[in-house]
Amino acid sequence: MAPETVPADTLAKPPTLVDNPLAVALAGMAALGAAMGIGRFAFTPLLPMMLGDGVLTLAGGSWLATVNYVGYLVGALACMALPWLAPDAFRPWQGARLTRWGLAATVLLTCGMALPLPGAWPLLRAAAGVASAVVFLNVSSWCMARLVAMGQPALGGLIFCGPGLGIVLTGLSGSAMVAAHWRAATAWAVFGLLCAVLCALVWPVVRGSARPAAGASGPAAAQAAAPGARGGRSARALLTLAYGLAGLGYIVTATFLPVIARGVLPAGSPWPDLFWPVFGAGVALGAALSTRTPAAWDRRWLLAGCYALQAFSIGLGLAWPGVPGFALGSLLLGLPFTAITFYALQEARRIWPAAGDSFAGLLTVAYGLGQIAGPPLVAWALHHAATPRQGFAHGLAMAAGALCLGAAMLGAMAWRWPPEPRPEGG
């Protein structure tokens with residue numbers, strides 16, 4: 001009797017971590033925790049330490065934050081432009097490879113901040129911004145495509161918990177380092193080591209092609225096939241402007257929160273270093289909750305509510321400058337942080353589905369410009385104020401005003417151009 005022929009597909013390689021949906025989602029979370037929570041936002045809890053060591057001034061801190069946001073913008077623009085400028089040459093470097101290169105750069109750049117070379121710090125922070133944008137844009141798209149290909153798109157919400165969890169980790173670590181009287185250089189070296197550990201967890205998972213399912217169907221495909229929404233160019237321009245205001249609105253508090261709290265609370269209080277991890281916990285919680293929002297809810301009203309919540313959180317810190325006010329304000333500021341990005345990108349696909357990722361890229365640029373404007377705004381307010389406390393209050397008030405303006409614009413859009421009625425059976 002002739003031996004039975006074994007089908008070729010049964011000889012496939014055994015499943016690996018790349019084929020495990022939970023491993024893919026957790027790898028995306030770790031990558032964003034490293035690139036965003038450490039590479040981008042570790043500067044916030046370390047800024048008071050650098051000020052205390054006398055290696056940096058408040059004005060210098062503002063400009064270091066600014067060049068990081070400029071780098072983030074440059075990285076986002078590069079990721080948008082390279083596939084258009086050199087599609088054949090760029091294709092092999094997309095997704096997993098760019099993620100790994102960006103993570104490796106984040107480790108080196110974070111460790112570089114431990115060196116006593118203040119003249120090089122602006123370049124290091126700018127390059128860290130580029131690396132964080134490269135990782136964010138590539139690992140999120142790679143992991144989401146991979147999860148869709150494996151039929152587990154709902155796990156994508158775990159990916160965006162990464163920045164919040166990274167902020168919690170660096171914030172609590174920074175608080176412990178302050179209590180132990182560590183120097184900022186040592187803290188940067190420790191964070192670089194932590195980033196390397198996270199990268200080691202990502203490395204065996206994020207590799208190869210995402211291999212999205214051919215002819216995928218479902219919510220994403222339905223959105224891509226939807227017709228353009230009401231409002232046309234006006235709606236797209238207003239959404240872009242409103243999203244840029246979100247970048248300006250949150251960045252002032254997110255960058256200077258520990259410094260602001262330390263200038264208000266009694267000397268020696270442990271609380272100023274804990275408000276930042278509270279913010280991170282809010283980010284992670286908001287990321288998880290935003291994925292459970294019903295699809296029928298108008299994203300513009302949800303965005304307006306998120307903007308209003310962040311504006312309220314800033315006002316809470318101004319009106320109630322104590323531990324309860326700062327703690328609650330930090331949590332409320334973090335809750336909508338990832339939700340705003342999530343809802344804005346959904347709205348972008350709804351009102352201009354034919355644009356693909358290009359409109360989302362334009363929104364990212366607007367958000368980056370808003371972030372870039374924040375630290376110089378604070379530097380200007382500090383320069384023209386009688387005291388640092390008064391200068392920060394003016395900067396926070398302007399940030400809250402930007403968020404209120406953005407909320408009003410989004411509400412007006414929802415009122416002026418209501419959603420199209422869903423087709424029967426859709």
Side-chain angles (χ1 to χ4, degrees), residues 36-37 41-42 44-45 47-48 160-161 163-176 178-179 245-290 292-293 301-343 374 378 381 388-407:
M36 305 294 287
F41 290 122
T44 295
L47 177 57
F160 298 99
C161 293
L165 295 176
I167 289 171
V168 172
L169 188 58
T170 56
L172 292 177
S173 301
S175 178
V178 170
L245 291 173
L248 172 61
Y250 97 92
I251 200 62
V252 173
T253 307
T255 302
F256 298 102
L257 179 60
V259 177
I260 294 170
R262 188 168 276 105
V264 173
L265 299 179
S269 171
W271 280 101
D273 299 306
L274 297 177
F275 296 133
W276 182 241
V278 169
F279 168 80
V283 172
L285 178 60
L289 293 177
S290 64
R292 305 182 67 86
T293 308
W301 285 119
L302 289 171
L303 282 167
C306 289
Y307 282 40
L309 182 58
Q310 284 198 324
F312 174 77
S313 71
I314 295 173
L316 192 62
L318 289 171
W320 195 5
V323 171
F326 281 133
L328 183 57
S330 299
L331 180 66
L332 296 181
L333 183 74
L335 275 175
F337 179 73
T338 305
I340 287 174
T341 298
F342 186 61
Y343 295 146
V378 173
R389 181 173 179 177
Q390 186 182 72
F392 280 125
H394 291 163
L396 290 171
M398 287 185 279
L403 287 165
C404 289
L405 177 59

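Position 1 is the first residue of the sequence; numbering continues from there.
Taken to the nearest 0.5 Å, the CG atom of Leu248 stands 9.0 Å off from the CE atom of Met398. With rounding to the nearest 0.5 angstrom, the CG atom of Leu257 is 8.0 Å from the OG1 atom of Thr44. Distance OG1/Thr338 to CE/Met36: 8.5 Å, rounded to 0.5 Å.
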*Evaluate the side chain to side chain contact (heavy atoms under 4.5 Å, CB included) criterion for residues Phe392 and Phe256: first the C-alpha distance (whole Å), next the side-chain angles of each, then the deciding distance (0.1 Å), finally the verdict.*
CA-CA 9 Å; Phe392 280 125; Phe256 298 102; 3.8 Å; yes
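Between Cys306 and Tyr343, the closest side-chain pair of non-hydrogen atoms falls below 4.5 Å. At least one side-chain heavy atom of Phe337 sits under 4.5 Å from a side-chain heavy atom of Tyr250.
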With a cut-off of 3.5 Å and sequence neighbours excluded, list every side-chain donor-acceptor pair involving residues 309-317.
unit_1 : atom_1 : unit_2 : atom_2 : d
Gln310 : NE2    : Leu333 : O      : 2.9
Ser313 : OG     : Gln310 : O      : 2.6

Got a list of side-chain donor-acceptor pairs under 3.5 Å for residues 273-287, not counting sequence neighbours?
unit_1 : atom_1 : unit_2 : atom_2 : d
Asp273 : OD1    : Arg262 : NH2    : 2.7
Asp273 : OD2    : Arg262 : NH2    : 2.9

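When atom types are taken as modelled, the side chain of Ser175 and the backbone of Gly171 share no donor-acceptor pair closer than 3.5 angstrom. Under the 3.5 Å distance criterion, the side-chain polar atoms of Ser269 are left unmatched by any main-chain donor or acceptor of Leu265.
Applying the salt bridge (charged side-chain N to carboxylate O under 4.0 Å, His left out) definition to pairs two or more places apart or across chains, none involves residues 303-323.
Taking each heavy atom of Pro48 and Val259 in turn, the nearest pair found is CG-CG2, 4.0 Å. Taking both residues in full, the closest heavy atoms of Ile340 and Ala246 are given as CG2-CB, 4.2 Å, listed atom of the first, atom of the second, then distance.
Between Phe342 and Phe160, the ring centre distance reaches or exceeds 6.0 Å.
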